[in-house]
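Below you'll find the structure, written out as structure tokens, and then a few comments.
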Amino acid sequence: MKKILMVLTSVSELGDTGEKTGYNVAEAAHPWKVFKDSGHFVDFASIKGGQPPSDEVDTDDPIQVAFTKDETTRAGLYNTARVDVIDPGQYDAVYLVGGHGTMWDFPDSEGLQRLVASVYDAGGLVGAVCHGPAGLLNVELENGFRLVQGRDVAAFTNDEEVAAGKDKVIPFFLADRLEEQGARHVSAGVFEEKVAVDERLVTGQNPASAAGVAKEMEKLFAQVIHQEKAEEQHEAEALRAEKDAEKTAKKQAAADTEH
């Protein structure tokens, strides 16, 4: 079992428009189901802590409904920890949930930047979907390079912002900012699914890509688990060989004494 931390926005309003926003429920719910069905543990955090705001729940989506009714999930979302106080060593992966609110509080959160860098530097996975990749901006790894530098990254596109009617509201175009920081922004058509995997960084373009991001992260987890089991088996075989050698040496010593 692996531990995954989902990080959510604390922004409840789109700039000064008065329009309500928050984390995208679908982008949290569908990965949550993938991770949960695989037996992993999912925890929640947000930029400011407490109960994060959310977008509307699609009641026609049974996965979103199950997510919002799950008692463990409800408890976790009721009072999330601030990213600043999270111990990254507790988690095998961090997943950045989207929603337009992230454009205002993800990029400049030093706590989030430290968390993401620490998880990745320790060999963990980093996932993000839609506007969640705003939390990848300004993340610097211990080798001095930005996390997104030279990597394929999928995120909400400029055309999708226009189609959603948010191009005049957002503080910047996410795809452009990612490219400015050295990422190779990859995309499919407007609102079509697109998932990019670059080493241990997995990103998705839009809500339709959320489950796909989690599935690709799950594939990487499976590889890690397989490697861990192989290493455990190798250690067990080495220990068994050592014990067998000790027994053989004792028998030989006893035989030599008799003679």
Side-chain angles (χ1 to χ4, degrees), residues 1-11 22-24 27-28 31-32 34-35 40-54 73 75-149 151 153-156 174 177-178 181-183 196-204 210 213-214 216-218 220-221 224:
M1 181 180 77
K2 298 296 183 180
K3 291 186 69 176
I4 300 122
L5 180 69
M6 285 192 176
V7 180
L8 313 166
T9 181
S10 294
V11 172
Y23 72 87
N24 185 289
E27 294 171 17
W32 164 82
V34 172
F35 296 140
H40 301 313
F41 175 80
V42 177
D43 205 355
F44 301 94
S46 61
I47 301 301
K48 292 185 177 179
Q51 188 168 14
S54 68
T73 298
L77 290 171
Y78 180 73
N79 188 24
T80 62
R82 297 195 328 272
V83 290
D84 305 75
V85 301
I86 292 290
D87 175 8
Q90 293 184 28
Y91 297 97
D92 302 290
V94 59
Y95 171 82
L96 309 181
V97 180
H100 271 95
T102 62
M103 297 285 281
W104 280 268
D105 65 351
F106 271 20
D108 297 319
S109 170
E110 294 181 359
L112 180 57
Q113 292 163 22
R114 287 193 298 270
L115 172 65
V116 171
S118 295
V119 170
Y120 195 87
D121 282 332
L125 310 184
V126 173
V129 70
C130 199
H131 292 90
L136 304 177
L137 296 172
N138 306 315
V139 174
E140 186 174 305
L141 302 177
E142 60 184 1
N143 61 14
F145 290 99
R146 292 187 186 273
L147 174 60
V148 300
Q149 189 170 339
R151 297 184 187 275
V153 179
F156 209 60
L174 180 54
R177 187 65 60 86
L178 287 165
Q181 295 203 358
V197 181
D198 198 315
E199 295 183 356
R200 288 176 286 109
L201 176 63
V202 186
T203 50
V213 169
E216 290 299 330
M217 291 176 71
E218 183 57 37
L220 293 174
F221 273 140
V224 171

- Classify the angle between the aromatic ring planes of H131 and H100 as parallel (below 30°), tilted (30 to 60°) or perpendicular (above 60°). tilted
- Kindly give the heavy-atom pair with the smallest separation between T203 and V153, and that separation in Å. OG1-CA, 3.5 Å
- Task: Check A81 against V85 and note the closest heavy-atom contact, atom names and distance.
- Result: CB-CG2, 4.4 Å
- Do P53 and V11 have side-chain heavy atoms sitting under 4.5 Å apart? no
- Message: How long is the straight-line distance from CG of L5 back to CG of D92, given to the nearest 0.5 Å?
- Response: 11.0 Å
- Item | Shortest non-hydrogen contact from G111 toward D84 | CA-OD2, 4.0 Å
- Task: Indicate the atoms forming the closest heavy-atom contact of T102 with P107, along with that distance.
- Result: O-CD, 3.3 Å
- Looking at CG of D121 and CG of N143, how far apart are the two atoms once the value is rounded to the nearest 0.5 Å? 7.0 Å
- Item | Note, N79 side chain near Q51 side chain (heavy atom, < 4.5 Å) | no
- Note on the structure: salt bridge (Lys or Arg N to Asp or Glu O under 4.0 Å) filter on D198, not counting sequence neighbours, yields R151, R184
- Determine yes or no for a side-chain-to-main-chain donor-acceptor pair under 3.5 angstrom, with T80 supplying the side chain and A45 the backbone. no
- Could you state the interatomic distance from OG1 (T9) to CG (N24), rounded to the nearest 0.5 Å? 11.5 Å
- Minimum heavy-atom distance G49-S10, with the two atoms named: N-OG, 4.2 Å
- Just checking, is any N or O donor in the side chain of Q181 or N138 under 3.5 Å from an acceptor N or O on the other one? yes
- Do the side chains of M217 and F35 get nearer than 4.5 Å, heavy atoms only? yes
- Note on the structure: d(L96 CG, L136 CG) to nearest 0.5 Å is 5.5 Å
- Message: Within the 4.5 Å heavy-atom criterion, are I86 and V7 side-chain neighbours or not?
- Response: no
- Query: Heavy atoms, side chains only, cut-off 4.5 Å: are F106 and Q113 in contact?
  - Reply: no
- Query: Within a strict 4.5 Å, meaning less than it, do heavy atoms of the L174 and M103 side chains meet?
  - Reply: yes
- Which atoms form the tightest heavy-atom contact between I47 and R82, and what is the distance? O-CB, 4.0 Å
- Query: When rounded to the nearest 0.5 angstrom, what is the spacing between CD in E216 and CG in L125?
  - Reply: 11.5 Å
- Message: Going by side-chain contact (heavy atoms from CB on, under 4.5 Å), name the residues that satisfy it together with A210, two or more places apart in sequence or in a different chain.
- Response: E27, P31, Y95, V129
- Message: Strictly distance-based, threshold 3.5 Å: is any side-chain N or O of E140 a donor or acceptor partner for the main-chain N or O of R114?
- Response: no
- Task: Would you check if K2 and F41 make a side-chain contact, meaning some heavy-atom pair closer than 4.5 Å?
- Result: no
- Query: Judged by atom type as modelled, is there a donor-acceptor pair below 3.5 Å linking the side chain of S46 to the main-chain atoms of P52?
  - Reply: no
- Task: Please step through side chain to side chain contact (heavy atoms under 4.5 Å, CB included) for the pair V202 and L220, ending with a clear verdict.
- Result: CA-CA 10 Å; V202 186; L220 293 174; 3.7 Å; yes
- Message: Please report the interatomic distance NE2(H40) to CZ(F221), rounded to the nearest 0.5 Å.
- Response: 5.5 Å
- Task: Say whether, by atom type as modelled, one donor and one acceptor occur between the side chain of R200 and the main chain of Y120 under 3.5 angstrom.
- Result: yes
- Message: Applying side chain to side chain contact (heavy atoms under 4.5 Å, CB included) to Y23 and L77, what does each step give before you reach the verdict?
- Response: CA-CA 11 Å; Y23 72 87; L77 290 171; 3.5 Å; yes
- Task: List the steps, then state whether side chain to side chain contact (heavy atoms under 4.5 Å, CB included) holds for R146 with L141.
- Result: CA-CA 6 Å; R146 292 187 186 273; L141 302 177; over 6 Å; no
- Is there a donor-acceptor pair under 3.5 Å between the side chain of S118 and the backbone N or O of L115? no
